[in-house]
Structure formats: C-alpha cells, structure tokens
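Notes to accompany the following structure.
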Amino acid sequence: MLVLGIETSCDESGVALYHTQRGLLGHRLHSQSALHEPYGGVVPELASRDHIRRVLPLVRNLLQATGVELAQLNGIAYTRGPGLAGALLVGASIANALAHALNIPAVGVHHMEGHLLVPLLEPDPPPFPFVALLVSGGHTQLIEVERVGRYTLLGETVDDAAGEAFDKTAKLLGLGYPGGAEISKLALQGQPGRFKLPRPMLKSRDLNFSFSGLKTAVAQLVRTQPLDDALRADIARSFQDAMVDVLAAKAWQALKQTGLNTLVVAGGVGANRQLREGLAILGARAGFRVFYPRVEFCTDNGAMIAYAGALRLRDPRPPGLGFSITPRWELADIMS
Ligand code: KG4
Ligand code: ZN
C-alpha cells in the first residue's frame, strides 16, 4: 500500500510517500520559520496562507523525484489535529479533494500519534511496549504505549510545553524564533551552575510538568541585569540544564512506575543534544534504552503522518465528501 502524507498543523508544510513494503520513499518539507520570525511566534493566518501556497508544489516535486504517479496512490493521510484550525483545514481539504478525485480513502491522523510512531521508521526501531516522552512546541506528555493505537497518558504539563518554554526563554534572551535550537547552541558556551534555576515539580509524586515558573525565573534574571553575550550564554546553560534535569527525571520515574525499560523521545525538543546526552548517561546508569527518530523527524514532518496513516489505513473506510478537523484532540481519544 502506498500512502501520501500531508502535515500542515502549524508552521511546517510536510509531505511524504510511505510504502508498506518498501518503506519511506521520500519526503519534502517547507519550514515557515523565516515567515514568522519577525513576529516572534506563529501567526495563524499567515501559516494557513503559506500552506495553501506550498503543499501542492511539494507534492508535485516529491512525486516527480520518486517517479510515483498519483494513480499509484492507495490512500492519503493528513493531520486532522491537534493544531491551528486554519492550517489544519488546508491539509484536510487538499487531502480529501485528492482522495475523492482518485477514489481512494483519506484518513485524518492525530499529530501526536505521528510523533510517537515515527521512531518505528528507523533501522533499529523501539520494541513495544515503551514509554514515550513527547516534547514539542505545543505538548509535553509521558505516554505508555502498549502497541499501535493503545496509549495511556501518564502525565503532562500543567502550563507551558517544553518547546514553548524554550521559545519564550529564547525571546527573553533576544534570540530568534523558534528558539530551542538557538538556546542549545548558545548554552554550549555557557558556564554551568552560575544560576540556580528552579526544577519545577521535580519532587512532585506525579508525572506532570510545569515550566512557566522556570520561564519567569529567567525573566527575573533578564530584568535585573544588563544582558551581554556571556550572561546570555550562562542563562541559556542554566535554563537548559534545569529543563534536561526535569525531563530526564520524570521520564525515568515513568519507566520505574510502568516497569518498562524502553524510552522513546519524540517531538521538536527531542532534537536537543544536551537532553540526548543527559538521557544517555541516565539510561546507562539505570538500565533503560532510549530511542529517537532521526533529527529531521523530531520536528514536524510529512513522514510521520504518512506512516501513522498507513497503519490506520489497514482498516480503510470508503471515501466520502465530508471531512472534519479537530484542533483540540486528546491522544487518549483515538484508542483502538
Ligand atoms: O514538534 P515540533 O516541530 O512542533 C510541534 O508539534 O509543536 O516542535 C517544535 C518545538 C519548538 O518549540 C522548538 O523550539 C523546539 O521544538 N526545538 C528544540 C530544538 N529544536 C526544536 N528545543 C530544544 N532544542 C532543540 N535543539
Ligand atoms: Zn509536532
């Protein structure tokens, strides 16, 4: 079965072709980060309009490069939610219009299920069951994954998402958007331990997270002293060390609580080098293995939607004219 995947939930237009026997045939991505950079965050209306411009040329380019004809497709997967309503509508309309014209099924995929399953595309995939740490711009969740479609939410953020905390802190430090990768780069030059930043909810017995206090602590530091390059780097370092401590400790707690020894880290913050190093050290000491998707599939992409869609399309429904998006959608609601 050959599936075209279309991702348009936020500020990346991603398309990919996944074949259930031949694997991932290719993918294309257009990031809107330069478009939103001057505003310091995603402007939803601009995001929708840009998706309209980008998706079909990306699909055409991908088909051409892989030598695939539209008529060979067996199904189309698109991100149904969660995400920005207007942006989701673009992908959903294109996917459903194409599917209708080709008389093949279209399937709406949960964006976080895409993040969660994409590590299975790697040559050394994680074995089920596992604990997934999903850390993106909009979500921070720990999920017990028994198998495809069987997810139990163990804990999540009560306020800002991890990526959001990186982005807001980057903004306070006068860095560009999105800020996660910028902070990671800057922190390499920072002196560790110069600032004692809070590790929110580290000692709470549950598996929830809270990051807004950490961001406020950074805001306070920035307000009370003039920023120079060295100070920026030291703050970035202290902030990141606090994030890594909390994420790693909670992930370990989730493994202990479930009795599992496989951790999957996915979502944009999973690209963070220091988080990877921190988890590798902890994993070696505590006896668990950590799996990631390749770095380009940590952030939003079409491959994760094509893959999750192909798994869902094994049980196809007939194509119809109606479709819907779900801008707010809990992963637990898609249990099968
Ligand atoms: O998964 P993603 O592309 O989009 C959402 O579904 O939200 O994640 C984007 C988030 C942004 O907040 C970005 O700053 C963060 O991932 N991010 C990083 C890194 N690369 C991207 N955070 C920390 N370190 C990185 N290297
Ligand atoms: Zn995402």
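Atoms within a ligand are numbered from 1 in the order they appear, just like the ligands themselves.
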Candidate with minimal heavy-atom separation from atom 1 (O) of ligand 1, of S33, G41, A266, G268: G268
Derivation and outcome, salt bridge (Lys or Arg N to Asp or Glu O under 4.0 Å), residues R53 and D50: CA-CA 5 Å; R53 275 195 294 269; D50 201 60; 3.1 Å; yes
Aromatic plane relationship, H115 with H111 - under 30° parallel, 30 to 60° tilted, over 60° perpendicular: perpendicular
Within-shell test, Q240 vs ligand 1, heavy atom, strictly < 4.0 Å: no
Residue V269 vicinity, atoms of ligand 1 by number, heavy atom under 4.0 Å: 16 (O), 18 (C), 22 (N)
For S136, atoms of ligand 1 separated by under 4.0 Å from a heavy atom: 1 (O), 5 (C), 6 (O), 7 (O), 8 (O)
Atom 9 (C) of ligand 1: the protein heavy-atom neighbour that sits closest, reported with distance to 0.1 Å: G137 N, 3.7 Å
Backbone or side-chain N or O of T299 under 3.5 Å from ligand 1 N or O: no
Value rounded to 0.5 Å, distance of CG in L247 from CH2 in W252: 15.5 Å
For H111, the ligand 1 atoms whose distance to one of its heavy atoms is below 4.0 Å: 6 (O)
Three-point angle H115:NE2, the Zn ion (ligand 2), D300:OD1, rounded to the nearest 10°: 90°
Side-chain donor-acceptor pair present, H30, S13, cut-off under 3.5 Å: no
Element-labelled atoms of ligand 1 that are located less than 4.0 Å from some non-hydrogen atom of G163: 12 (O)
Numbering as shown, the atoms of ligand 1 that approach A271 to under 4.0 Å (heavy-atom distance): 26 (N)
Flag side-chain contact, heavy atom, 4.5 Å: Y78 against T8: no
Ring geometry between Y18 and Y307 (parallel below 30°, tilted from 30 to 60°, perpendicular above 60°): perpendicular
K215 and its salt bridge (charged side-chain N to carboxylate O under 4.0 Å, His left out) partner, picked from D159, D167, D160: D160
Close approach, M112 and ligand 1, non-hydrogen under 4.0 angstrom: no
Heavy-atom side-chain contact between M112 and S136 under 4.5 Å: yes
Criterion side chain to side chain donor-acceptor pair (under 3.5 Å) on S204 and K250, from CA distance to verdict: CA-CA 10 Å; S204 74; K250 291 273 176 175; 2.8 Å; yes
Min N/O separation G138 to ligand 1 under 3.5 Å: yes
Ring centres under 6.0 angstrom apart (F166, F239): yes
Heteroatom distance test (H115, ligand 1): nitrogen or oxygen, under 3.5 angstrom: yes
Within-cut-off N or O pair, N272 and ligand 1, under 3.5 Å: yes
Contact with ligand 1 for C10, non-hydrogen, under 4.0 angstrom: no
Protein heavy atom at shortest distance from atom 3 (O) of ligand 1: D300 N, 3.0 Å
Exercise: do D229 and Q189 side chains pair donor with acceptor under 3.5 Å: no
The Zn ion (ligand 2) contact by H139, N, O or S atom under 2.8 Å: no
Closest approach of any protein heavy atom to atom 13 (C) of ligand 1, naming residue and atom: D167 OD1, 3.7 Å
Within-cut-off N or O pair, G180 and ligand 1, under 3.5 Å: yes
Non-hydrogen side-chain atoms of H27 and E296 separated by less than 4.5 Å: yes
H139, portion touching ligand 1 at heavy-atom distance under 4.0 Å: neither
